[in-house]
Visitor: 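Next up is a structure, given as structure tokens.
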Amino acid sequence: MHTRATSVKAEMASSEHSPKTKSDILVFVRKKRSRKPQVIAENIVKVEPQDQKLGSLPDIEDFAYKKPNIDLPQRKFRPVSNDYNKTEVTQPSNWVKVLEGIREMRSLEDAPVDSMGCEKAGNSLPPKERRFAVLISSLLSSQTKDNVTHGAIQRLLDSNLLKPEAIDNADESTIKKLIYPVGFYTRKASNMKKIAKISLLNYHGDIPNTLEALLSLPGIGPKMAHLVMNVAWNNVQGICVDTHVHRICNRLGWVKQTKTPEQTREGLQKWLPKEEWVLINPLLVGFGQTICTPLRPSCSLCTVSGLCPSAFQEATPTKKSRMKTKLGES
DNA sequence: GTCCGGGTGG
DNA sequence: CCACCAGGAC
């Protein structure tokens with residue numbers, strides 16, 4: 001704590017801020033991110049070089065950039081933290097049959113499984129650079145088709161802009177142009193700059209190796225953090241739940257009417273054997289893209305519809321029924 | 001619940 | 001032309 005406070009003071013002194021009281025320092029460290037773009041120096045605090053051992057990752061106590069409300073140290077598996085605890089979920093009796101059925105459907109039909117596209121990112125690079133590439137690739141891949149993400153990564157590689165040093169030195173507008181047209185490219189370009197700086201300041205150009213520290217990076221939420229833990233560190237901390245996994249688990253009754261992907265993750269982790277945690281994502285994503293689609297699920301094509309409590313439940317919306325809904329709402 | 005910003009398909 | 005997609009921040 002002493003070293004951290006000291007380094008924070010040093011950083012504040014070298015910026016336009018000057019440390020006054022203890023709470024000033026706390027506010028400085030824990031400053032809440034605002035929606036508007038802000039100076040990176042407000043969010044990033046450099047760790048004293050002697051706080052880190054070269055060649056290894058720093059301890060989590062040394063992480064100076066973090067979201068509010070995360071208490072230190074926090075190394076253990078993240079405990080279930082919300083009300084979802086209260087609703088008991090038992091292991092669905094037919095889950096193995098359902099899983100096998102979905103596997104068969106998936107083996108017949110090739111889905112454009114766009115998730116996990118990032119695991120290929122820079123697999124020819126040395127480990128540290130590969131991990132950084134995986135992180136950036138994950139950042140870019142959200143709300144973006146796999147081939148678009150791949151193109152952006154390729155352009156970054158060609159311009160030698162897939163390393164933290166290079167990104168840190170590059171203009172945000174340059175990055176923005178290179179990654180276009182990935183979804184939300186403006187914000188992602190800004191987040192790339194911030195992540196590169198954090199990587200250089202606190203991780204020797206590497207990426208964080210804990211879930212909590214990954215979550216503290218701007219633009220990295222639960223879905224991507226678990227993906228990066230799986231792919232970059234080969235360390236399964238939790239299930240990577242995206243909208244497909246979320247939707248399908250609810251339809252199958254594998255979780256009890258969860259409202260958010262995070263609740264789905266917690267519910268699913270309670271009974272799904274850990275060996276399945278990694279593969280469940282690409283499996284259900286592909287299934288969700290082809291058969292168990294969000295809008296009109298093709299229950300008639302689904303071989304496990306007999307085991308699905310939601311099969312044929314959702315009326316396939318016709319133009320008329322959608323008009324009706326719309327009129328009713330307004 | 002809303003916004004971000006494109007692409008896509010009704 | 002417009003609704004919708006989809007992860008993260010707020």
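Heavy atoms only: backbone and side chains are in, while hydrogens, waters and symmetry mates are out. In what follows, every chain begins at residue 1, and chains take the letters A, B, ... in the order their sequences are listed.
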Visitor: What is the distance, rounded to the nearest whole Å, between atom CG of A:L135 and atom P of C:dG7?
Guide: 17 Å
Visitor: Taking only the P atom of each, what is the distance from B:dG7 to C:dA9 in whole angstrom?
Guide: 24 Å
Visitor: Can you give each donor-acceptor pair under 3.5 Å made by side-chain atoms of residues 162-181 of chain A, sequence neighbours left out, with the distance rounded to 0.1 Å?
Guide:
{"unit_1": "A:D168", "atom_1": "OD1", "unit_2": "A:K197", "atom_2": "NZ", "d": "3.4"}
{"unit_1": "A:N169", "atom_1": "ND2", "unit_2": "A:E165", "atom_2": "O", "d": "3.2"}

Visitor: Find the distance A:Y185:OH to C:dG7:C1' and express it as a whole number of Å.
Guide: 18 Å
Visitor: Using a cut-off of less than 4.0 Å, is there contact between a side-chain N or O of A:Y180 and OP1 or OP2 of B:dG6?
Guide: no
Visitor: When the P atoms of C:dA6 and B:dG10 are compared, how many Å lie between them, rounded to an integer?
Guide: 15 Å
Visitor: Looking only at the side chains, is there a donor atom on one of A:T258 and A:N250 sitting less than 3.5 Å from an acceptor on the other?
Guide: yes
Visitor: Rounded off to whole Å, could you give me the CD1-to-P distance for the A:I179 and B:dC4 pair?
Guide: 17 Å
Visitor: Look at atom CG of A:D158 and say whether more than 12 heavy atoms of other residues, nucleotides or ligands are closer to it than 6.0 Å.
Guide: yes
Visitor: Do A:S141 and A:T149 meet the criterion of a side-chain donor-acceptor pair at a distance under 3.5 Å?
Guide: no
Visitor: Atom NZ of A:K145 and atom C1' of B:dG9: how far apart are they, to the nearest Å?
Guide: 11 Å
Visitor: Starting from C1' on C:dG7, measure out to CD1 on A:I220 and report it in whole angstrom.
Guide: 10 Å
Visitor: Using the P atom as the point on both nucleotides, what is the distance between B:dG5 and C:dC1, in whole Å?
Guide: 22 Å
Visitor: Whole angstroms only, please: what is the NZ-C1' distance between A:K188 and C:dG8?
Guide: 10 Å
Visitor: Nearest-Å distance, CG (A:L215) to P (C:dG8)?
Guide: 9 Å
Visitor: Among B:dG6, C:dA6, C:dA9, find the nucleotide with the atom closest to the side chain of A:Q143.
Guide: C:dA6
Visitor: Does A:T186 place a side-chain N or O at less than 4.0 Å from the phosphate oxygens OP1/OP2 of B:dG5?
Guide: yes
Visitor: Using only side-chain N and O atoms of A:H244, determine if any of them is under 4.0 Å from OP1 or OP2 of C:dC5.
Guide: no
Visitor: Measure CZ/A:F184 against C1'/C:dG8 and give the value in whole Å, please.
Guide: 9 Å
Visitor: Any idea which of C:dG7, C:dG8, B:dG6 is nearest the A:S142 side chain?
Guide: C:dG7
Visitor: So among A:L301, A:V304, A:L283, which one has a side chain to side chain contact (heavy atoms under 4.5 Å, CB included) with A:M105?
Guide: A:V304
Visitor: Taking the same atom, P, in C:dC5 and in B:dG1, what whole-Å distance lies between them?
Guide: 14 Å
